[in-house]
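Remarks on the structure that follows.
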Amino acid sequence: MQQLHFQQGPIRPPSEADSLLIRTTQGCPWNKCRFCTLFEGMEFSIRSVDDIKCDIWAAKAFYKERKFTTCFLQDGDSFAMPTEDLLEVLNTLKQAFPELKQISSYGRAQTMTKKTPQEMKAICDAGLNMLYCGMESGSIDVLKKMKKGITPMSILKSAEYAKQAGMKMMTFVIMGLGGKELSEVHAIETARLLNLINPDEIRILTLAVKAGTELDEMVQQGKFTPLTEKEMVDEQKRLISLLDGIDSQYGNFHSINLLMELSGRFPEAKSSLLATIDEFLTMTQSAQDNFILGRRIHYYSKLQDMSNQLYFDTVQQQLNKISASNQDTIEDVFYHLRQRMI
Ligand code: SF4
């Protein structure tokens with residue numbers, strides 16, 4: 001009898017919402033970043049080729065006539081698979097779902113740089129043509145402080161391998177990851193590395209310190225000072241100002257970001273991205289607070305939503321209540337609201 005069950009991992013990038021999900025690995029081969037709890041308590045393992053192939057055919061039977069053009073390989077790092085095994089999986093995927101145009105995966109720089117350029121090319125030719133790279137920062141100091149286990153050099157090398165092989169590349173950056181202590185170097189070095197890589201897409205995320213993480217402990221011990229919402233916008237302004245010579249698509253699509261309208265293709269979009277940031281930064285403190293609270297309690301999605309008087313007044317009432325309660329500062333409230341979003 002045809003097996004109809006197949007494994008699904010806990011995460012996928014938001015842009016893969018309509019993709020076929022096939023699990024090649026379980027967990028993250030590193031699992032030590034101080035800010036991350038994605039795979040907490042899960043030991044990393046590479047699934048057997050036979051099990052993955054069974055899942056592919058089970059997915060085929062389950063989805064019947066549904067045609068997928070994109071597929072995401074879960075969980076943390078398909079490149080950890082021996083190349084021959086990964087190629088076999090990709091070939092099976094193409095047999096079962098011949099309409100697939102894009103197959104993507106997360107890939108850790110340290111793992112990919114263990115492959116040869118020829119292996120990377122073979123992997124891309126077999127269909128894995130899109131890479132999600134969680135570089136988070138281009139600063140060695142920030143990467144070390146966060147125990148990322150990768151270096152700017154390894155990120156650059158893996159990006160070169162991926163691009164030479166013909167893969168598209170989406171790179172994630174986390175604003176605020178250096179805290180106040182390393183904010184400047186985080187922006188400068190991240191821009192420098194992005195300028196060297198010129199990824200197809202740059203996706204911005206905003207740091208929210210999850211309770212119970214090592215980073216949370218560092219905050220309690222005074223070893224990491226989180227940026228305020230406004231400081232994170234300042235940091236992003238510095239990053240954008242320094243991006244140069246690239247033609248990447250730039251986006252703040254995740255709702256954890258404050259200014260979700262910051263999206264566009266470089267170099268054309270650079271001036272309008274900076275103008276939007278300045279629009280926020282030149283608002284009065286009280287208007288900024290209104291906007292931040294309105295974003296965090298889901299009244300606004302963009303700056304222009306503040307012109308809805310009903311929304312504005314409702315948010316202002318909440319803001320006044322918080323100010324009158326005298327318990328936490330407004331920044332503490334923003335910090336905790338952001339924490340609840342992850
Ligand atoms: S490499 Fe990614 S998934 Fe693994 S611990 Fe770090 S942030 Fe989390």
Side-chain angles (χ1 to χ4, degrees), residues 7-16 21-47 72-81 104-115 128 130-159 161-162 169-179 182 186 189-190 193-194 197 199 201-219 224 226 253-254 256-257 338-339 341-342:
Q7 281 202 14
Q8 299 267 273
I11 61 156
R12 55 152 176 80
S15 51
E16 300 286 346
L21 302 177
I22 294 294
R23 197 175 197 188
T24 56
T25 59
Q26 291 166 317
C28 162
W30 178 245
N31 219 9
K32 292 180 188 154
C33 299
R34 292 192 199 275
F35 57 88
C36 177
T37 53
L38 277 179
F39 300 108
E40 201 174 20
M42 191 189 291
E43 203 163 311
F44 179 71
S45 63
I46 298 172
R47 299 188 65 219
F72 177 70
L73 302 181
Q74 299 175 298
D75 291 340
D77 191 354
S78 303
F79 293 88
M81 292 182 77
S104 58
S105 172
Y106 287 123
R108 267 184 61 75
Q110 301 312 86
T111 315
M112 284 188 292
T113 48
K114 289 196 185 110
K115 306 265 186 223
L128 204 174
M130 166 87 184
L131 168 70
Y132 288 100
C133 166
M135 86 174 213
E136 336 294 16
S137 176
S139 156
I140 185 70
D141 296 330
V142 175
L143 293 170
K144 269 190 190 162
K145 193 164 181 176
M146 289 302 115
K147 234 164 69 182
K148 247 323 265 188
I150 53 177
T151 64
M153 281 299 291
S154 66
I155 296 168
L156 182 59
K157 191 170 167 193
S158 64
Y161 277 20
M169 190 175 173
M170 186 185 288
T171 305
F172 294 92
V173 169
I174 304 181
M175 301 319 303
L177 196 62
L182 296 173
H186 176 45
E189 293 299 308
T190 301
L193 190 55
L194 289 171
I197 295 174
E201 293 199 34
I202 300 169
R203 288 284 168 96
I204 300 296
L205 298 168
T206 295
L207 182 70
V209 180
K210 210 164 184 180
T213 55
E214 283 185 36
L215 183 57
D216 187 32
E217 252 175 64
M218 288 170 76
V219 173
F224 181 95
F253 299 116
H254 198 289
I256 195 85
N257 297 316
R338 212 166 60 239
Q339 255 183 340
M341 294 176 78
I342 53 170

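One-based numbering, in listed order, for ligands and for the atoms of each.
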- Message: Is it the case that the side chains of T113 and K157 hold a donor-acceptor pair, with the cut-off being a distance below 3.5 Å and no angle test?
- Response: no

- Task: Check each atom of ligand 1 against the heavy atoms of K32 and keep those under 4.0 Å away; list them by number with element.
- Result: 5 (S)

- Item | CE/M153: more than 12 non-hydrogen atoms of other groups inside 6.0 Å | no

- Task: Could you check if a side-chain atom of L207 sits within less than 4.5 angstrom of a side-chain atom of L215, using non-hydrogen atoms only?
- Result: yes

- Task: Let me see the working for Y106 and F79 under ring pair (Phe, Tyr, Trp, His ring centres under 6.0 Å), right down to the final yes or no.
- Result: CA-CA 8 Å; Y106 287 123; F79 293 88; over 10 Å; no

- Taking only Lys NZ, Arg NE, NH1 and NH2, and the carboxylate oxygens of Asp or Glu, determine whether D75 and R23 approach each other closer than 4.0 Å. yes

- Note on the structure: So for K148 against ligand 1, with non-hydrogen atoms under 4.0 Å, the contacting part is side chain

- When rounded to the nearest 0.5 angstrom, what is the spacing between CD1 in I204 and CD1 in I256? 13.5 Å

- Query: Listing residue and atom name, which protein N/O/S atoms are closer to atom 8 (Fe) of ligand 1 than 2.8 Å?
  - Reply: C36 SG

- Query: At what distance, to the nearest 0.5 angstrom, does CG of D141 lie from NE2 of H186?
  - Reply: 12.0 Å

- Note on the structure: Here the atoms of ligand 1 under 4.0 Å from any heavy atom belonging to R108 are 1 (S)

